[in-house]
Number of protein chains: 2
Amino acid sequence: MSRAERITWQAVQDQVRQRISQRQWKPGQQIPHEADLAREFGCARATVNRALRGLADAGLLERRRKAGTRVALNPVRRAEFSIPLIREEIEAKGQRFGFRVLRREMRLPPPELQARLQIDGAQPILYLQTLYTADSQPYLFETRWINTLAVPSAAAAEFATLSPNEWLVREVAFDGGDFTFSAIAATAQEARMLGCKIGEGLLVLDRTTRHGADMITSVRLVFHRGYRMHTRI
Amino acid sequence: MSRAERITWQAVQDQVRQRISQRQWKPGQQIPHEADLAREFGCARATVNRALRGLADAGLLERRRKAGTRVALNPVRRAEFSIPLIREEIEAKGQRFGFRVLRREMRLPPPELQARLQIDGAQPILYLQTLYTADSQPYLFETRWINTLAVPSAAAAEFATLSPNEWLVREVAFDGGDFTFSAIAATAQEARMLGCKIGEGLLVLDRTTRHGADMITSVRLVFHRGYRMHTRI
DNA sequence: ATATTGTTTATGTATAAACATAATGTCGAG
DNA sequence: CTCGACATTATGTTTATACATAAACAATAT
C-alpha cells in the first residue's frame, strides 16, 4: 500500500487543461471556483491558484475577481518566437558563422528615425551595413543605426571579432523595444548582397531597442531567400 | 506617519529588473540567493521567489537548483506575437470585415500534408480558398485544408456567416500547432487575389493545428502588400 | 428611475513553516 | 588519482492562514 501522492500544481493544471481540451468545460463557460477545485483535487487553494494562473498566463483561461474563471473564447492567440543571436542560430545548424562589416560611417539618420531619437538638432550617428554568412553563403543583410549619443563607446568599437549585434548585446543594457515582421521584394542591392534574383520575396525584421527613454539601436534584418521563422505552441 | 507598506512581489521584481537594467548585476553574474533578498527587502522568501520566477519566465534570469540565480547572458530572446482573429484585427482598425469563400471542394491533399495527416490510404479532405477583406479591400488570401476525417462536421459547414477560421475556433478544440513566417514574391494568382503586382513581396504565415495526435487544419495565409506584424517587449 | 452606498464573493497576495529535489562539492575507499 | 557515496545548499513546492481588492449585486436614498 503506497501512501497518498501529494497533488502538485502541474497535476491540477494538466487536469484542467484536459477538461478544456475535451470540451468538458466549453469556451466562455465559467469553471468551478478555486475553493471547490481545491476540495475536489484534495489540495490547498494556493495550489489550484498556481495552476490556474499559469493557464491564464497562457491565454487558456480568463480570470476576474469576483466574476470567477472562465474558459477563453479563442484559446490560442499567441505565438512566441525566440529571436536567437544570429551566430547561435547558424552554429546550431552546424554551419560556420561569419560576418563582414561592409559600410561604417557617421551619418545623419532619416527623419523618422530622428523623431524616435528624440534629440534636438540633426546630429550624425553611427551607421553600419553588415552581411552575415553561414558556410560562406549570404544569410542575412543588416542595416543598423547605433545611437552614439546614448552609447558613445560604440563609435570606437571595432566589430572585428564581435558582430555589431553581439557587441551591443554584450556591452549595452536595454529594457524595451519593438519588432516588426514584413516582406519585401528584393531590390538590386539586396539581391546582390544576398545572392538572389531581383524581386525575390524576402522576410524582413525591423527592430528598435531602447534603454529607458533612450533609443539604443534601430536595425533592419533582411533574411536570405527561403528563410523561415518557425515556432510551435 | 504612515504605517509600513507591505512589500509586494511586483516591487521586488521592479527592483531586481532595475538592477539588471542598470548593470548593477551584470549578465552572467550570480545574484544573491532568495533568502538574502528576502531579508534585504523585508519580505518572505516566497515573495522573492514569485518575483524571480517571473523574471526567469521572461528570460531575464536563469535559475538552477543549488547553482543559484544568474542574470541571463542574452537578455531578450523572445518576441510574443498575438495572432488575433482576422475579424478582430480588422474591426479593431475601424474597418469593415468581410470574407468570400472562393473555392470549396473535397480534394486529395498533397503528399507532405498526407504525411502529417497520418492516415493510410489517400483520402480526399476539405479544401477551401477564402479571401478576407477590410473595407472591401483585399486583406488576406487563405488556403486551407480541413481534416474532415477528424472533424466530419466541417464537411457540412456553410461558412456563410462564420468564416472558416472562426468556425473552427468556435467548433473544434485544439491543443497544439506550429507557425511559420516566410516571404514570397506574389504569383499571378496571388497578385490577382490581393490586388497587387506580380512579384510584390508578401508575408506568409503557415499554420497547422492539432488536437492530440490528429491534425485538424493546415492553413496558409498570404497577407496583403505592406502588411506588418508588430510586437513590443 | 437613477445615483449612491454597502455587502458579498472570488481572485490576488503575503507569510511562515515544512519538506522535496537537483546539483554541487567533499570525503573516503580503492 | 579516480570513482562513488554522501552531505550541503539553493531553488521548488505545498500547506494553512490571513488579509487585500475588484467587481457583481442588492439595498437605499434622492
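The sequence lines fix the lettering, A, B, ..., with proteins before strands; numbering per chain opens at 1.
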Protein proximity profile, nucleotides 9-16 of chain C - base contact B, sugar-phosphate-only contact S, no contact -, cut-off 4.0 Å on heavy atoms: BBBBBSBS
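Listed by first then second residue, pairs satisfying ring-ring contact (aromatic ring centres under 6.0 Å, His included) with a partner in residues 48-74 of chain B number zero, not counting sequence neighbours.
Protein atom CZ of R70(B) is 11 Å distant from nucleotide atom P of dT11(D), rounded to whole Å.
Residues satisfying the ring-ring contact (aromatic ring centres under 6.0 Å, His included) criterion with W25(B), sequence neighbours excluded, are absent altogether. Among residues two or more places apart in sequence or in another chain, the ring-ring contact (aromatic ring centres under 6.0 Å, His included) test is passed with F41(A) by none.
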Throw together a table of side-chain donor-acceptor distances under 3.5 angstrom for residues 44-57 of chain A, partners on residues two or more places apart or in other chains.
unit_1	atom_1	unit_2	atom_2	d
R45(A)	NH1	E34(A)	OE1	2.5
N49(A)	ND2	E34(A)	OE2	2.8

Would you tabulate the side-chain donor-acceptor contacts of residues 225-233 of chain B under 3.5 Å, counting partners in other chains and residues two or more places apart, or write 'none'?
unit_1	atom_1	unit_2	atom_2	d
R225(B)	NH1	E200(B)	OE1	3.3
R225(B)	NH1	E200(B)	OE2	3.3
Y227(B)	OH	E89(B)	OE1	3.3
Y227(B)	OH	E89(B)	OE2	2.8
H230(B)	NE2	D178(A)	OD2	3.2
T231(B)	OG1	E80(B)	O	2.7

